[in-house]
There are 2 protein chains.
Amino acid sequence: MHERASAGQTEPRTQSQTQRAASELRRMIVSNELPPGSNYLETELAQMLDMSRTPVREATLMLEAQGLLKVRPRRGVQILSISPDDMEEIYQILTELECLAAERVAEMGADSKTLEPLREATQRMEEALERDDREAWAAADEDFHETLVVLSDNRRLKAIIDTYNDQVRRARALTLYIRPVPNKSNDDHRALIQALEKGDALLARKIHREHRIAAKSLMISLLRKHGFHQV
Amino acid sequence: MHERASAGQTEPRTQSQTQRAASELRRMIVSNELPPGSNYLETELAQMLDMSRTPVREATLMLEAQGLLKVRPRRGVQILSISPDDMEEIYQILTELECLAAERVAEMGADSKTLEPLREATQRMEEALERDDREAWAAADEDFHETLVVLSDNRRLKAIIDTYNDQVRRARALTLYIRPVPNKSNDDHRALIQALEKGDALLARKIHREHRIAAKSLMISLLRKHGFHQV
DNA sequence: GTATATTTTAATGCATACATAAATAAATGC
DNA sequence: GCATTTATTTATGTATGCATTAAAATATAC
């Protein structure tokens, strides 16, 4: 997830309107409440959020920097949609950066206890699959990937990956129920954990790379097959 | 470089104060005019740029998203400094992403003409080295790396790499004259071009990875050796 | 002299006002 | 009826005002 709030040390205990606007708008965008392609005037958003235009403007500038929307001179802000080509771009980047994370975790010789959250997430994925609960599976899968990146101990890496995950969240939600049962993913995760335990950085990278490339191909072919040209 | 200005299609022909503030501040930060660690009140920056606080505020939020400064509740904005550990984080990311770029260029089977700008930049690097002109060498080197990323045809990849290059630009300028003569870099570039021509993605990745890892090690050891704990 | 409480100062966060210019509508010419 | 010009509307970009509250300064207690 995106937790811009708890980054530093001297946080103002009461979050500013700008922060609230940013997190509310982000939530509404990734949850499809503000659908891709739709347009909003600053005044409209200000009314929706019950604040003045100033913090709304500031928030939209931040979200524009994160690639979620585009501020267009006199036409309001437009919620950006994602095409299969965009997905390709984003998944290339995510693949690469998560592989870096996997490599780093293996290299730093994480002990068995450190890797426990990964095992736990994988366990939840398996249980969710048995119940045929795809939402729970997706949540656990996301936890796994997030934990992997957190363990790699590179704040900037985490920030980039969070940003781009936000951009593809809608598309993932869309394919969740039309994709085949993700048995392979769970196996991949187990294999990765083993490689991490052995400290085999090359193997970890290889396993995760294949895992992510498969996910990318599946996602893009699903979007194409179902005619989702813009999500 | 960072050319946020000419991104889209419907640009307002006269750039806004906010844009001007953002590009001016970015320039002043990467050129060390606003040195790392220094603090400025919104009012001061507004006076420096001869505009009101509003566009300055908006610009600082954008630059904060790009990791160049930190807006601190009542203490003004602080120009962020980079420690060797930060350099490690950033170079890890840049290494990974530039290797992706190299791989992609090789995969897409770029013809000899497409690769010409790379050859041209390498040529300029060599000529600069013979004249012992380090500034020119660095500029050509940067062109090479930028061209590689542009050729990979992934806008988001370009944007991330630009952002993080901005963060390390000061540090690179600082080590330019204390580093050994960069003969090896030129050879690496020639070797990479060959791999790209052959369409050998794995080799391109390998060569560029080693090139970047060497650059990282050199940079960090130079910073440490010369006691630059914060740049 | 140090620590705590109180007062003062001032920087920010936000709302609002307004000029500018884009977009739309109306008017005019043909 | 269509094209071009003019007038009108309106969303934004920017400046400004003000309340809030953190920080600094001062005063008080010990």
Side-chain angles (χ1 to χ4, degrees), chain A residues 4-29 34 37-66 68-80, chain B residues 4-29 34 37-66 68-80:
Chain A
R4 291 269 188 278
S6 53
Q9 42 282 45
T10 321
E11 301 300 321
R13 89 265 85 248
T14 170
Q15 74 171 350
S16 72
Q17 297 289 72
T18 301
Q19 312 251 232
R20 194 166 71 77
S23 57
E24 268 296 286
L25 289 176
R26 176 158 43 228
R27 186 191 60 70
M28 292 195 280
I29 292 169
L34 305 180
S38 61
N39 290 87
Y40 305 92
L41 300 179
E42 289 178 0
T43 319
E44 290 179 70
L45 296 176
Q47 256 179 314
M48 288 172 54
L49 299 171
D50 191 34
M51 59 182 69
S52 83
R53 278 175 49 221
T54 306
V56 169
R57 266 183 76 85
E58 292 179 350
T60 58
L61 285 173
M62 304 196 303
L63 296 181
E64 182 173 41
Q66 286 164 39
L68 289 178
L69 52 83
K70 181 151 181 48
V71 176
R72 302 187 310 168
R74 321 236 137 212
R75 331 192 64 192
V77 303
Q78 179 170 55
I79 311 304
L80 289 183
Chain B
R4 288 272 188 279
S6 54
Q9 42 281 48
T10 321
E11 302 299 322
R13 89 262 93 250
T14 170
Q15 74 172 348
S16 71
Q17 297 288 72
T18 302
Q19 313 250 231
R20 194 167 70 79
S23 57
E24 267 297 285
L25 290 176
R26 177 159 42 232
R27 185 191 61 70
M28 291 195 282
I29 293 168
L34 305 181
S38 61
N39 290 87
Y40 305 90
L41 300 179
E42 288 178 1
T43 319
E44 290 179 70
L45 296 177
Q47 256 179 315
M48 288 171 57
L49 299 172
D50 190 34
M51 59 181 71
S52 83
R53 278 174 51 222
T54 305
V56 169
R57 265 183 76 84
E58 293 181 350
T60 57
L61 285 173
M62 303 197 300
L63 296 181
E64 182 174 41
Q66 285 164 40
L68 288 178
L69 52 82
K70 180 150 182 51
V71 177
R72 301 187 312 168
R74 320 232 139 218
R75 331 192 63 193
V77 304
Q78 180 169 53
I79 312 304
L80 288 183

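Quick note on labels: first sequence line is chain A, next is B, and so on, each numbered from 1.
Remark: the backbone N or O of A:Thr18 is not paired with any side-chain donor or acceptor of A:Glu58 at under 3.5 angstrom. B:Gln19 contributes no side-chain N or O that, together with a main-chain N or O of B:Ser16, makes up a donor-acceptor pair within less than 3.5 Å. Side-chain atoms of B:Arg20 do not come within 3.5 Å of backbone N or O of B:Pro55 as any donor-acceptor pair.
Atom CD of B:Glu64 is separated from atom P of C:dG13 by 10 Å (rounded to the nearest Å). The interatomic distance linking A:Gln47 (CD) with C:dT16 (P) rounds to 12 Å, in whole Å. D:dA24 atom P lies 12 Å from atom CG of B:Asn39, rounded to whole Å. As rounded to whole Å, 15 Å separates atom P of C:dT12 from atom CD of A:Gln19. With rounding to whole Å, B:Gln17 atom CD is found 13 Å from C:dT20 atom P. Look at CZ on B:Arg53: it is 10 Å from C1' on D:dG17, rounded to the nearest Å. Separating the OH atom of A:Tyr40 from the P atom of D:dT12 is a distance of 14 Å, rounded to the nearest angstrom. In this structure, B:Glu58 places its CD atom 15 Å from C1' of C:dT12, rounding to the nearest Å.
Contact annotation: B:Thr18 side-chain N/O to D:dG13 OP1/OP2 distance is not under 4.0 Å. Applying the 4.0 Å criterion to OP1 and OP2 of D:dT14, one finds that B:Thr54 has every side-chain N and O outside that range. Taking only side-chain nitrogens and oxygens, A:Arg57 comes nearer than 4.0 Å to OP1 or OP2 of D:dG13.
The side chain of A:Arg75 lies closest to C:dA23 when the candidates are C:dA23, C:dA11, D:dT14.
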For this session: Verify side chain to side chain contact (heavy atoms under 4.5 Å, CB included) between B:Leu45 and B:Met28, making sure each step is shown before the conclusion.
Result: CA-CA 11 Å; B:Leu45 296 177; B:Met28 291 195 282; 5.7 Å; no

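Mapping B:Arg74 and A:Glu42 onto DNA chain D by nearest heavy atom places A:Glu42 at the nucleotide closer to the 5' end.
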